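In this text, all values refer to a predicted model and were calculated from it rather than measured experimentally.
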Amino acid sequence: MLELKTLREDPETVRQALRRRGWNSTRLLDDALALDQALRARMTAHQELLARNRKTAKDVGRLMRSKQFAKAEEAKATHAGLKQQIRLAAHDEDSAREALIDILMMLPNVPHPSVPQGQFASHNQVVRQVGELPAFGFKPKPHWVLAERLHLVDFARGAKTAGAGFPFYVGAGARLQRALIGLFLAEAIRAGYLEIQPPLLVNEVSARGTGQLPDKEGQMYHLRDDDLYLVPTAEVPLTNFYRGEIIPEDSLPLKICGHTPCWRREAGSYGKTVRGLNRLHQFDKVEIVQVVHPDKSYAALETMTTYAEGLLQMLKLPYRTLLMCSGEMGFNQTIQYDLEVWSAGQDRWLEVSSLSNFGTFQAERLKLRYRPQSGGKPQLVHTLNGSALALPRIVAALLELRQQADGSVSLPACLSRHAGMGESWTLRP
RNA sequence: GGAGGGGUGGCAGAGUGGUCGAAUGCACUGGUCUUGAAAACCAGCGUGCCGUCAGGCACCGGGGGUUCGAAUCCCUCCCCCUCCGCCA
């Protein structure tokens, strides 16, 4: 959620930001500003009534104690009707606040000035591309063919048991999953992140805290009986770990990581781009989260991006780093990098990581602040996160890139070690 | 799931209808003292909002109610503890 202070003091910046994101109308913004005015007037009115109420109550108490009961009754009588007025004033205030918050919740974050202007994927800026695209002496197969032939993934039985998008990973396939998770966690820990194993269900307040609600309502699986959501990403529980806290400045940055399955309904997705491991309802991911001082968040994002790229380099996967344009980046982000690996069998790029700086956008909702070392009021922190990394498309890219003419796939040494397979691990049909 | 007991400031812990945003202790910050430190003493020390910047309002787990007045009484939800039941 945008800070009201920003909106009030510099509405033009927000108006520009909305336009950059492709919002043709800034009417919501004008409504918010008007409601903010109204709210403050109503608050003042309400508070004046409360002050009067309190004063009368004290007078009555004083009279009662000095046994001037008649005068006390008199004071009570002058009080008549005040309660109803207070009730009305409170209601007016509440309704103004609710209306304002409803609008604020709909306003996206302000893009950082360095974010390229644009509406479409073609406007995303390729910051760098690393690794050679492979040349094959045969036509490389897509991963779903390889995965079936190598008996790594069972899509059909997954569909039977749960539905499309819920595959079984079998034998070496399951082992490969574990090896990737193990590798990614070990590297994150080595980079100074505290490993956390979070709840896989979160309540509504948490989902609002990181901005999944109301923006992504309908994309999360919702357990109606208990009003809980299956996590769409570890970002939600990991960032909420600190919700409502005031962190001493010298404890910043907080760096945490965790592996979770991620559940996404992916309502509206269909076709070739969702084939195989490309887009699933359940997938595994290791997430990194940082809570940092506002002055250091943009530098932190660069570090996190470099870190995630390092994982791709370890796996020897060709990739490119995109700086997302204003219209393509997420609702909550001020700036966002996506990492894409080359899919040799599909002849296209696959997104395997998204790294973002949220500025104070999540912190405002989370009430997550730090106490300045110099003293003074608590200030909102900046929060960041990134996938490091999401598994299915890594598996897809590994299989497609490293396939041999005979259908076998040999995995990089860093993975075979984590799988407990020594220095080399070759999957054979 | 059943029965009972609890949730108060960073921590501990008073407070059962009025002058309580809240005693006291610890912790923390500043000062005095000291060569320095400790101790002692003095002072400060929650969060948010409104504001004509004087001040005002709200918050004692969340929400609602009773009352002129609620940390205190009532209802409800959440969480924690103890015992029983069930169970990986």
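Comparing C33(B) with C42(B), their P atoms are spaced 16 Å from each other, to the whole Å. Comparing G44(B) with A22(B), their P atoms are spaced 13 Å from each other, to the whole Å. Rounded to whole Å, the C1' atom of G9(B) lies 25 Å from the corresponding atom of G64(B). Taking atom C1' in both U82(B) and G30(B), one finds a spacing of 45 Å when rounded to whole Å. For the C1' atoms, the distance from U72(B) to C20(B) is 11 Å, rounded to whole Å. When the P atom is compared between C11(B) and G46(B), the two are found 14 Å apart, to the nearest whole Å. Rounded to whole Å, the separation between the P atoms of G51(B) and C57(B) comes to 15 Å. Here the separation of C77(B) from G1(B), taken at their P atoms, is 12 Å to the nearest Å.
Remark: the T334(A) side chain and the Y298(A) side chain contain an N/O donor-acceptor pair separated by less than 3.5 Å. In summary, the side chains of T210(A) and E235(A) do not present any donor paired with an acceptor at a separation below 3.5 Å, with no hydrogens or angles considered.
In this structure, the CD atom of Q68(A) is 19 Å from the P atom of G18(B), given to the nearest Å. Spacing between atom CD of E73(A) and atom C1' of U67(B) amounts to 12 Å, rounded to whole angstrom units. The CG atom of D250(A) sits 14 Å away from the P atom of C28(B) (whole-angstrom rounding). Look at CZ on F69(A): it is 14 Å from C1' on C68(B), rounded to the nearest Å. The interatomic distance linking K71(A) (NZ) with G69(B) (C1') rounds to 20 Å, in whole Å.
Across every strand in view, A38(B) sits unpaired, with no contact that passes the Watson-Crick or G-U test at under 3.5 angstrom. Of all nucleotides present, none satisfies the Watson-Crick or G-U wobble test against U19(B) with each distance under 3.5 Å. Across the strands present, G46(B) finds its partner in C59(B); the criterion is a Watson-Crick or G-U wobble pair with both atom distances under 3.5 angstrom. Base-pair partner of G1(B): C84(B) (Watson-Crick or G-U wobble, both distances under 3.5 Å). The pairing partner recorded for U72(B) is none, the criterion being a Watson-Crick or G-U wobble arrangement whose two distances lie under 3.5 angstrom.
Just one residue in the list V289(A), L384(A), N357(A) forms a side-chain contact (heavy atoms from CB on, under 4.5 Å) with M304(A), and that residue is L384(A).
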B/S/- contact track for nucleotides 47-57 of chain B, protein heavy atom under 4.0 Å: SSSSS----BS
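Looking at E195(A) and Y193(A), their side chains never come closer than 4.5 Å, going by heavy atoms from C-beta outward.
Taking only side-chain nitrogens and oxygens, K76(A) never comes nearer than 4.0 Å to OP1 or OP2 of U67(B).
When the nearest nucleotides of RNA chain B are assigned to G61(A) and T56(A) by heavy-atom distance, the more 5′-ward of the two goes with G61(A). If R87(A) and M64(A) are placed on RNA chain B by their nearest nucleotide, the residue sitting closer to the 5' end is M64(A).
The aromatic ring centroids of Y370(A) and H293(A) lie less than 6.0 Å from each other. Taking the six-membered ring where the residue is Trp, the centroids of F358(A) and H382(A) are separated by 6.0 Å or more.
Here salt bridge (Lys or Arg N to Asp or Glu O under 4.0 Å) pairs that include residues 1-18 of chain A, with residues two or more places apart or in two chains, are R8(A)-D36(A), E12(A)-R15(A), R15(A)-D30(A).
For R62(A) and U19(B), a side-chain-to-base donor-acceptor distance below 3.5 Å is absent, hydrogens and geometry of angles not being considered.
Applying the side chain to side chain donor-acceptor pair (under 3.5 Å) test to R65(A) and every residue at least two apart in sequence or in another chain returns nothing.
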